[in-house]
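In what follows, a structure is listed as structure tokens, so that the remarks can point back to it.
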Protein chains: 2
Amino acid sequence: MDPRAARARARAGATGPTAGWAPGHTQANLVSVPADWAYDVLLFCTRNPRPCPVLDVTDPGSWRTALAPDADLRTDIPRYRVWEHGRLVDEPTDVTPYWRGDLVSFLIGCSFTFEGALAEAGVPLRHVEQGRNVSMYVTRRACRPAGRLHGPMVVSMRPVPAALVSTARRISGLLPAVHGAPVHEGDPAGLGIRDLSRPDFGDPVVAEPGDVPVFWACGVTPQAAVMASRPPFAITHAPGRMLVTDVRDSEYRVGD
Amino acid sequence: MDPRAARARARAGATGPTAGWAPGHTQANLVSVPADWAYDVLLFCTRNPRPCPVLDVTDPGSWRTALAPDADLRTDIPRYRVWEHGRLVDEPTDVTPYWRGDLVSFLIGCSFTFEGALAEAGVPLRHVEQGRNVSMYVTRRACRPAGRLHGPMVVSMRPVPAALVSTARRISGLLPAVHGAPVHEGDPAGLGIRDLSRPDFGDPVVAEPGDVPVFWACGVTPQAAVMASRPPFAITHAPGRMLVTDVRDSEYRVGD
């Protein structure tokens with residue numbers, strides 16, 4: 001499946017999650033806000049580059065992105081979330097009816113981007129093996145606030161065999177534009193997570209014996225900031241349902 | 001010289017350049033604009049991360065930065081440039097008289113940050129050997145515009161022995177927050193640079209036999225955008241005269 005086919009599949013109604021779609025191509029989180037909130041969102045992302053690495057920002061009203069020139073941001077994500085004053089009001093597969101001329105859209109790096117590189121290096125992806133969405137958790141680590149925007153860091157978790165944790169750390173670390181190295185390894189309590197079997201977003205993923213939970217900063221973080229900071233209106237992707245872009249993962253790898 | 005001593009030296013009137021001050025500590029470019037231009041500047045930086053990697057953004061009016069909590073952005077840079085409608089109107093060593101309550105300041109990564117790592121790896125730094133400021137050039141490569149902001153990419157150039165170019169590329173590539181890998185190596189004409197002996201900023205630097213000119217994206221780029229885009233008011237550092245921060249260079253290295 002190439003990126004164009006992946007987006008066509010989303011447009012035709014497939015609801016994801018998108019992990020494993022169009023391997024080798026970067027996937028992106030979406031958050032769209034009215035233009036008068038755009039500076040706060042961009043500053044929030046700049047001040048919190050690990051969870052919120054910005055890959056592209058649109059001009060107001062535009063549903064086009066440089067990351068995938070023929071994509072339509074209103075239809076090409078498998079499922080969206082629509083927010084009013086921080087409250088989830090709809091989860092449609094098409095946000096054309098909700099679109100506004102003043103919306104500025106932020107495309108934010110996604111950890112799915114380094115999963116191909118992890119798999120190539122022999123790091124098993126338990127959620128893919130189990131046919132589930134990755135587990136995501138709201139932590140008690142606060143992001144650095146920006147203007148009216150504040151909120152906790154959200155992380156994704158992958159169980160990794162202990163002997164492969166350093167490999168996973170090294171490989172993801174070379175992709176800082178898509179969250180980079182883990183923010184935490186081991187005891188979930190270090191991030192204030194009580195129960196790994198009850199993720200805040202996504203599905204529970206079963207660890208194999210000898211696996212260590214490894215946590216990466218997650219692009220759902222801006223969504224948590226929208227929930228906490230209550231802008232009058234926002235559109236985001238639904239967790240795990242990403243925009244598949246035309247950009248090769250290798251474009252974001254440093255140190256080659 | 002530690003970073004605090006370096007800033008005290010600037011505050012006391014030393015005019016730089018700052019290459020080699022407080023080795024191992026990150027130096028930063030400054031651009032301050034009125035708040036109603038801040039979104040355009042931040043978006044310009046986001047869209048042009050190679051020349052404009054943002055390390056910190058202040059709140060309006062604040063002269064404090066998280067990169068050096070006791071620094072005063074109005075006095076601790078050796079020399080400033082003051083701009084009105086894109087025209088250079090002053091080059092003071094202290095901008096306290098020019099400061100305004102609506103100024104938002106951007107601290108942008110500087111290639112001096114990777115010079116320590118280059119030197120450690122045996123890559124000679126000709127401008128340091130020759131006691132000169134690094135050579136900087138305006139290229140004919142346009143940055144991606146953002147709102148009212150547009151302009152050409154500026155680069156710094158270091159002559160590197162041919163056998164060490166790949167080392168220089170690899171080492172700087174691990175520091176994407178301070179411009180990362182070179183944007184060009186070899187023939188200056190590839191960037192539209194006519195004469196290496198006549199830099200647009202900084203000093204001419206003499207190459208040794210067998211050296212290849214290596215070009216990195218440069219944090220003077222926002223200054224070129226100010227010149228081209230003519231915001232009513234702006235303050236920048238003078239090229240080569242940076243803010244010495246408390247942050248260790250190693251903080252910005254990926255892949256460790």
Side-chain angles (χ1 to χ4, degrees), chain A residues 33-50 52-60 62 65-67 102 104-109 114 117 144-149 166-182 250-256, chain B residues 33-50 52-60 62 65-67 102 104-109 114 117 144-149 166-182 250-256:
Chain A
V33 295
D36 68 328
W37 278 74
Y39 182 70
D40 290 9
V41 171
L42 188 52
L43 187 59
F44 184 84
C45 292
T46 303
R47 287 181 173 170
N48 298 282
R50 289 297 275 283
C52 310
V54 179
L55 305 185
D56 193 30
V57 183
T58 68
D59 288 321
S62 173
T65 170
L67 305 176
D102 67 345
V104 175
S105 295
F106 297 81
L107 283 308
I108 290 169
F114 58 65
R144 217 180 133 195
R148 294 161 289 180
L149 222 66
S166 66
T167 302
R169 187 190 310 130
R170 181 173 49 79
I171 287 177
S172 57
L174 293 176
L175 288 153
V178 291
H179 305 304
S250 53
E251 286 289 305
Y252 294 115
R253 187 152 54 226
V254 303
D256 277 357
Chain B
V33 294
D36 67 328
W37 279 74
Y39 182 70
D40 290 9
V41 171
L42 188 52
L43 186 59
F44 185 84
C45 292
T46 302
R47 288 181 173 169
N48 298 283
R50 290 297 275 282
C52 311
V54 179
L55 305 184
D56 194 29
V57 183
T58 68
D59 289 321
S62 173
T65 170
L67 304 176
D102 66 344
V104 175
S105 294
F106 297 81
L107 284 308
I108 290 169
F114 57 65
R144 218 181 131 194
R148 294 162 290 181
L149 223 64
S166 65
T167 302
R169 187 190 311 132
R170 181 174 48 79
I171 286 177
S172 57
L174 294 176
L175 289 153
V178 291
H179 306 304
S250 54
E251 286 289 306
Y252 293 115
R253 188 153 52 227
V254 302
D256 277 359

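Quick note on labels: first sequence line is chain A, next is B, and so on, each numbered from 1.
Neither the backbone nor the side chain of B:Ala177 comes within contact range of chain A; no heavy atoms are under 4.5 Å apart. Looking at B:Asp56, only its side chain comes within 4.5 Å of chain A, counting heavy atoms on both sides. Looking at B:Val104, the atoms closer than 4.5 Å to chain A (heavy atoms on both sides) all sit in the side chain, from C-beta outward. Heavy-atom distances place both the backbone and the side chain of A:Ala38 under 4.5 Å from chain B.
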Does the pair B:Leu174 and A:Leu174 meet the rule for a side chain to side chain contact (heavy atoms under 4.5 Å, CB included), with working shown?
-> CA-CA 8 Å; B:Leu174 294 176; A:Leu174 293 176; 4.0 Å; yes
Between B:Thr46 and A:Phe106, does a side chain to side chain contact (heavy atoms under 4.5 Å, CB included) hold up when you go through it step by step? CA-CA 11 Å; B:Thr46 302; A:Phe106 297 81; over 6 Å; no
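Shortest non-hydrogen contact noted between B:Arg47 and A:Thr58 is NH2-C, 3.7 Å.
Here A:Phe114 pairs with A:Trp216 under the ring-ring contact (aromatic ring centres under 6.0 Å, His included) rule; sequence neighbours left out. A:Asp36 meets the side chain to side chain donor-acceptor pair (under 3.5 Å) test with no other residue; sequence neighbours excluded.
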